[in-house]
Student: 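Dropping a structure here in structure tokens format, bear with me for questions.
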Amino acid sequence: MRVSPSTDFPDDRLGTPGIRWLAPPETKMRRAVGAPQEVTLERGREVLYKGNPCWLVKLQGYDSPEAVDELRGHRLLVPSSERPPLEDEDEFYVQDLVGLRVLMHADGSPAGTVTDIFDGTGTHDVLQIEVPGRPTYMLPFARELVPVVDLAAGVMRIEPPEGLLDLAVSGPDPDEDEAGEGGAGEAAPRRRRRRRQRKGGVAEAATALLAGPPEGGERSA
């Protein structure tokens, strides 16, 4: 079956046989329906698909195109206990950052919750931060803007540029009319493959998104 890797260690995760965990697709609310099930990865190899790298893997017990197609959209995972140690204190796993409470570094006032992380267009990754009842805002994951990440406390402290949080924290002008029918809301950024980076970088522990059987009838790696 063809899979799209979302790991910084594809050779270990997708090319090395062993036990993995198969999780059902996430809903629109990013919640999985059902518990992950243990599966055995028999083999895997990297290939090009429409000019982009992907992997062909063979899971034990999934031997027909019909069986493989039922796994479309599932996620292949490894336990967090098997994550390799990061190289320095400025590297974090995405899963550890999502869900952190965000506080202003100056006075400790609440500034939202980290809900996602995206590849930045420049040096740094970008945090998506949500404030209940307010617009979502984005913040580069750079040391000068995020001086404190305390995973044990579940807290991130930020020093955003002046004016960035005015709308998110204060909210829209209550005197403004609400958007009428046909008004468009903010579009969510397209999820991208995250890269492992130094200084404010993030690293992935998730393994792959299953994309169904490869074209041409090939069923195994």
Side-chain angles (χ1 to χ4, degrees), residues 3-14 26 29-30 46 51-55 75 77-78 80 82-171 185-209:
V3 302
S4 300
S6 57
T7 174
D8 296 296
F9 317 100
D11 290 336
D12 292 336
R13 300 298 189 229
L14 300 173
E26 293 181 332
M29 299 300 293
R30 296 181 184 170
E46 187 176 21
N52 297 313
C54 68
W55 281 72
R75 292 164 295 136
L77 309 176
V78 296
S80 59
E82 295 184 11
R83 299 185 302 188
L86 300 177
E87 295 178 358
D88 58 52
E89 62 180 11
D90 286 324
E91 288 187 320
F92 302 88
Y93 281 106
V94 169
Q95 292 92 328
D96 293 339
L97 295 175
V98 173
L100 291 184
R101 293 183 296 118
V102 180
L103 306 177
M104 297 296 292
H105 189 50
D107 57 11
S109 59
T113 302
V114 178
T115 55
D116 214 333
I117 300 166
F118 302 93
D119 271 349
T121 56
T123 304
H124 304 288
D125 295 300
V126 179
L127 303 170
Q128 175 178 284
I129 301 175
E130 292 186 2
V131 181
R134 303 289 186 255
T136 296
Y137 65 95
M138 315 297 282
L139 184 70
F141 190 39
R143 180 182 286 274
E144 58 269 24
L145 301 179
V146 187
V148 176
V149 178
D150 189 340
L151 297 181
V155 166
M156 172 185 294
R157 293 180 176 270
I158 65 173
E159 291 184 340
E162 185 177 357
L164 177 64
L165 302 188
D166 289 347
L167 182 59
V169 176
S170 301
E186 292 187 4
R190 177 175 65 86
R191 182 181 293 277
R192 301 175 180 173
R193 181 179 65 83
R194 289 115 181 184
R195 297 185 299 268
R196 191 179 184 189
Q197 298 179 348
R198 291 296 191 103
K199 190 177 183 181
V202 294
E204 278 295 302
T207 301
L209 182 68

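Basis for what follows: all heavy atoms, side chains included, without hydrogens, waters or symmetry-related copies.
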Student: Which pair of non-hydrogen atoms, one from Arg101 and one from Ala153, has the smallest distance, and what is that distance?
Tutor: NH2-O, 3.9 Å
Student: Hey, could you give me the CZ/CG distance between Phe9 and Leu14, rounded to the nearest 0.5 Å?
Tutor: 12.5 Å
Student: Would you compute the distance between atom CD1 of Ile117 and atom CG of Leu139 and round it to the nearest 0.5 angstrom?
Tutor: 11.5 Å
Student: Do Met104 and Pro160 come within less than 4.5 Å of each other through their side chains, counting heavy atoms only?
Tutor: yes
Student: What's the spacing between Asp150 CG and Leu103 CG if we round to 0.5 Å?
Tutor: 10.0 Å
Student: Do Phe118 and Leu127 come within less than 4.5 Å of each other through their side chains, counting heavy atoms only?
Tutor: no
Student: We want to know whether Glu130 and Thr113 form a side-chain donor-acceptor pair, criterion being a heavy-atom distance below 3.5 angstrom.
Tutor: no
Student: Hey, what do you get for CD1 (Ile129) to CD1 (Ile158), rounding to the nearest 0.5 Å?
Tutor: 5.0 Å
Student: So, taking the atom named NE2 in His124 and the one named CG in Leu145, what distance separates them when rounded to the nearest 0.5 Å?
Tutor: 7.5 Å
Student: Measure the spacing between CG of Leu100 and CE of Met156 and express it to the nearest 0.5 Å.
Tutor: 5.0 Å
Student: Do Trp55 and Arg13 make a side-chain contact, defined as non-hydrogen atoms from C-beta onward lying under 4.5 Å apart?
Tutor: no
Student: For Val114 and Gln128, what are the C-alpha separation, side-chain angles and deciding distance, and is it a side chain to side chain contact (heavy atoms under 4.5 Å, CB included)?
Tutor: CA-CA 6 Å; Val114 178; Gln128 175 178 284; over 6 Å; no
Student: Flag the pair Val149 / Phe141 as yes when at least one side-chain heavy-atom distance between them is below 4.5 Å, and no otherwise.
Tutor: yes
Student: To check you understand the geometry: which heavy-atom pair defines the closest contact between Glu144 and Glu159, and what is its length?
Tutor: O-OE1, 3.9 Å
Student: Can you see which heavy atom on Cys54 is nearest to which on Pro5, and at what distance?
Tutor: CA-CD, 4.1 Å
